[in-house]
J.: 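Quick one: the structure is below, and I'll ask about it shortly.
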Amino acid sequence: MKSELERLLREALRSLVPHVLAEPADPAQVVVERARDAQHGDFASNIAMRLAKAARKNPRDLAQAIMAGIPANELIASAEIAGAGFINFRLVKNAWAAELRKVAAQGTAYGRSNVGAARKVMVEFVSANPTGPMHVGHGRQAAVGATLSNLLEATGHDVYREYYINDAGRQIDILAVSVYLRYLELCGETVTFPSNGYKAPYILPVAKALHEKRGDALRRPGADVMRGAPPDAPAGDKDKHVDGLIANSRRLLGDAEFDSIVLFGRDAMLADIRNDLDEFRVTFDKWFSERELNQSGAVDRAIEALRKSGHMYTKDGAEWFKSTDYGDDEDRVVIRANGEKTYFASDIAYHFDKRQRGHDLLIDVWGADHHGYVTRVRGALQALGAPGNCFEVTLLQLVSLFRGGEKLQMGKREGNFVTLRDLRNEVGNDACRFFYLMRSHDQALDFDLELAKSRSNENPVYYVQYAHARVCSVMKELGARGFSYDAAAGSQHLELLDTPHEQAVITALSKYPETVEQAALNRAPHAVVHYLRDLANTLHTYYNAEKWIVDDAALRNARVTLALAVQQVIRNGLEILGVSAPESM
RNA sequence: GCGCCCGUAGCUCAGUUGGAUAGAGCACUUGGCUUCGAACCAAGUGGUCGGGAGUUCGAAUCUCUCCGGGCGCGCCA
């Protein structure tokens with residue numbers, strides 16, 4: 001409806017241009033917005049004020065002229081000039097009845113659109129290192145990434161969800177060493193655990209499984225090299241200590257056997273992560289392995305392509321990408337002086353690979369602590385010939401956990417952090433996803449466990465679900481009283497829905513499609529949460545103000561049609577959020 | 001020091017591609033269940049939109065500056 005009005009205004013303007021404007025007006029100047037309240041009609045436009053200067057007329061006169069130029073239209077009941085020069089439109093009642101029928105007719109498809117024009121979008125999110133369970137920060141990335149994907153899908157994008165597995169590099173070796181040390185302990189060896197190894201309890205069952213699978217086969221003569229810090233590691237140099245242990249392990253076992261432990265550990269961690277995400281209703285089209293990317297030669301090919309682009313140079317024995325050509329603060333190392341490729345090298349290849357797989361738009365969901373990497377990744381893509389705007393990152397600010405007003409402190413390597421699984425078990429998946437999505441992505445999130453857990457009016461997730469359950473309950477009551485709902489009759493008598501409460505509900509309902517569209521466009525899942533809360537509010541208000549089950553059949557059916565439409569929209573909205581819509585609570 | 005994010009009611013936050021009287025939840029006060037679920041509703045109290053300057057017919061929104069808080073700034077991943 002909004003776009004229809006904008007088209008009408010644009011037409012009126014076009015016919016007026018020769019008379020009132022010195023130069024053609026920019027169509028973007030035509031803005032139609034929801035009226036702020038019922039007194040201002042249904043929609044308002046500020047077009048006259050925007051163009052007043054160019055037209056050299058005062059806004060109200062210009063508005064008058066524009067209004068006169070609007071062709072007759074069955075949508076508009078009235079238009080009037082108000083305030084400094086707003087044009088306020090009131091729609092015919094019929095316009096809203098049509099919207100209501102649309103909800104009934106389209107069902108789960110209501111609110112979906114095609115504005116994405118089937119553009120191929122890859123959303124990469126979570127991508128938590130497979131070195132341990134996911135924590136509450138990953139939970140936010142999971143909830144936001146999943147909902148963002150749903151929103152893009154609902155607006156007609158061709159969405160591909162991917163999880164990037166960081167299973168190459170040092171950290172995964174540290175995981176393997178950690179598992180191996182625990183394994184050796186099970187074999188009866190005495191070992192020394194490096195301070196930056198993974199000491200948390202979740203390593204133990206993995207080591208145990210390895211021991212069950214392989215017996216003592218990985219216990220090699222000379223295992224005492226896993227005891228004590230290597231001689232070249234000064235006290236306190238934990239990096240050298242753990243690197244020494246990795247080297248010792250490789251020497252003891254051979255590369256192939258060590259790598260088998262790497263994969264064993266990785267797969268165990270990944271199984272846990274995957275199960276966690278499944279339970280959280282977060283799924284992916286692909287789990288993409290960095291290790292496989294390396295082995296395929298894609299990283300070397302990407303680096304070679306970068307060299308050819310002329311944006312690489314050698315300095316201090318290392319090879320650098322000239323990311324300053326693309327707005328970065330400094331250039332970045334791609335190949336270290338010791339010949340090893342950096343993590344950034346994999347990232348370049350990975351994002352290049354995404355493009356080569358045919359994805360036009362790459363959206364990454366990252367923790368805000370990675371914000372410094374955006375520019376260099378985009379720069380590399382540009383150097384490889386991609387447009388800069390094909391890559392965007394939704395940065396999520398920190399999540400802090402509170403319990404009863406007290407902030408919980410967490411550290412990862414020690415394993416005393418609250419896992420996503422703990423959080424879900426404590427507050428439930430619905431409340432969990434809802435809370436994660438309530439805030440704008442650039443707002444730090446204070447997650448209050450007590451509030452999320454509380455089954456009281458303080459908890460906003462139940463407020464929305466309750467509205468849905470309430471309609472279900474009324475439908476049951478309808479049957480209990482011997483009535484049956486006649487959809488056709490309801491649809492025919494929608495003009496009976498003329499109380500202010502009913503008008504408010506219908507108006508709220510009709511905002512759903514534009515809410516979804518804007519939320520997708522702005523990458524703002526939280527907008528859907530706020531919308532649903534408002535919609536639920538109008539329904540609760542209506543429920544308390546009027547009886548729905550009345551003797552008059554026409555009115556009864558019309559009211560139930562309205563209630564069912566709200567129920568449908570709540571269900572559609574909650575589906576996007578990944579929150580259930582219970583029939584009773 | 002540099003970069004990014006934030007600062008709006010007592011608390012937690014919407015609103016930020018410039019628009020009319022800045023909104024909601026919680027908390028607090030008062031009222032509403034013999035009739036479809038009170039996990040609900042209604043009414044009320046509560047604001048120098050961090051401070052200042054600028055641009056504009058119009059600024060919470062844009063620009064500059066200052067103050068306060070968070071996160072980054074490795075040939076780690």
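Within every chain, numbering begins at 1; the chains are lettered A, B, ... in the order of the sequence lines, protein sequences first and strands thereafter. All of these numbers come straight from a predicted model, not from anything done at the bench.
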J.: Rounding to the closest angstrom, what is the interatomic distance between B:G68 and B:C76 at atom P?
T.: 35 Å

J.: Give A:Ala545 one of three labels, base, sugar-phosphate or nothing, depending on what nucleic acid heavy atoms sit under 4.0 Å from its own.
T.: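 Touches nothing.
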
J.: Is it true that atom CG of A:Asp551 has more than 12 heavy atoms of other residues, nucleotides or ligands lying nearer than 6.0 Å?
T.: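 No, not enclosed.
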
J.: Closer to the 5' end of RNA chain B via nearest nucleotide, is it A:Phe344 or A:Lys547?
T.: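 Upstream on the strand: A:Lys547.
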
J.: For B:C49 and B:G15, measure between their C1' atoms and round to the nearest Å.
T.: 11 Å

J.: Would you classify A:Ser584 as touching base, sugar-phosphate or nothing, given that sugar-phosphate means primed atoms plus P, OP1 and OP2, and contacts are heavy atoms under 4.0 Å?
T.: base

J.: Answer yes if the side chains of A:Thr375 and A:Asp328 hold a donor-acceptor pair under 3.5 Å, and no otherwise.
T.: no

J.: Has the side chain of A:His530 got a donor or acceptor that lies under 3.5 Å from a partner of the other kind on the base of B:G15?
T.: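 Between B:G15 and A:His530, which were checked side chain against base, a qualifying N/O pair under 3.5 Å is absent.
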
J.: What's the closest nucleotide to the side chain of A:Tyr543 if the choices are B:A39, B:C75, B:C36?
T.: B:C36

J.: Report the relative orientation of the aromatic rings in A:Trp366 and A:His351; use parallel for angles under 30°, tilted for 30 to 60°, perpendicular for over 60°.
T.: perpendicular

J.: What residue among A:Phe483, A:Tyr543, A:Tyr485 forms ring pair (Phe, Tyr, Trp, His ring centres under 6.0 Å) with A:Trp548?
T.: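 Between A:Trp548 and the candidates, ring pair (Phe, Tyr, Trp, His ring centres under 6.0 Å) is satisfied uniquely by A:Tyr543.
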
J.: Think A:Arg470 has a side-chain N or O under 4.0 angstrom from the OP1 or OP2 of B:A38?
T.: yes

J.: Between the base of B:A20 and the side chain of A:Asn88, is there a donor-acceptor distance below 3.5 Å?
T.: yes

J.: Provide the distance between the two C1' atoms, one in B:G25 and one in B:C67, to the nearest whole Å.
T.: 30 Å

J.: Ignoring the backbone of A:Asn544, work out which of B:A42, B:U17, B:C40 is nearest its side chain.
T.: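 Of B:A42, B:U17, B:C40, B:C40 is nearest to the side chain of A:Asn544.
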
J.: Taking atom C1' in both B:G18 and B:G54, compute the distance separating them and give it to the nearest angstrom.
T.: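 Per the computed distance, 15 Å lies between those C1' atoms.
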
J.: Return the nearest nucleotide to the side chain of A:His370; candidates are B:A77, B:A42, B:A20.
T.: B:A77

J.: Using a 4.0 Å heavy-atom cut-off across all strands, classify A:Ala168 as base, sugar-phosphate, or nothing.
T.: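 Contact class for A:Ala168: sugar-phosphate only.
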
J.: Quick one: which of B:C76, B:C73, B:G18 gets closest to the side chain of A:Glu330?
T.: B:C73

J.: Want to settle it: does A:Arg336 or A:Met585 sit nearer the 5' end of RNA chain B, counting the closest nucleotide to each?
T.: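 Going by which nucleotide is closer to the 5' end, it is A:Met585.
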
J.: Taking N and O atoms by type only, does the side chain of A:Tyr531 place a donor or acceptor under 3.5 Å from a partner on the base of B:A14?
T.: no

J.: Which value, in whole Å, describes the distance between the P atoms of nucleotides B:U8 and B:G3?
T.: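 The answer is 24 Å between these two P atoms.
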
J.: Which part of the nucleic acid does A:Asp442 contact within heavy-atom distance under 4.0 Å: base, sugar-phosphate only, or nothing?
T.: sugar-phosphate

J.: Using atom C1' of each nucleotide, how far apart are B:A9 and B:C5 to the nearest Å?
T.: 23 Å

J.: In whole Å, measure the gap between the P atoms of B:G23 and B:G46 for me.
T.: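 Straight-line distance between the two P atoms is 15 Å.
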
J.: Base, sugar-phosphate alone, or nothing: which one does A:Ala337 contact when heavy atoms must sit under 4.0 Å apart?
T.: base

J.: Side chains of A:Gln171 and A:Asn166: donor-acceptor distance under 3.5 Å anywhere?
T.: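 There is no such pair between these side chains.
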
J.: Walk me through it: do A:Arg332 and A:Thr342 pass the test side chain to side chain contact (heavy atoms under 4.5 Å, CB included)?
T.: CA-CA 10 Å; A:Arg332 308 293 170 176; A:Thr342 61; over 6 Å; no

J.: Which nucleotide, B:C36, B:A77, B:G32, lies nearest any side-chain atom of A:Thr342?
T.: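 Nearest to the side chain of A:Thr342 among the choices is B:A77.
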
J.: Expressed as a whole number of Å, how far does the P atom of B:G32 sit from that of B:A14?
T.: 36 Å

J.: Using a 5.5 Å cut-off between ring centres and planes within 30 degrees, is A:Phe86 stacked on the base of B:A20?
T.: yes

J.: Could you check whether A:His540 gets within reach of a base, just the sugar-phosphate, or nothing at all, counting any heavy atom under 4.0 Å?
T.: sugar-phosphate

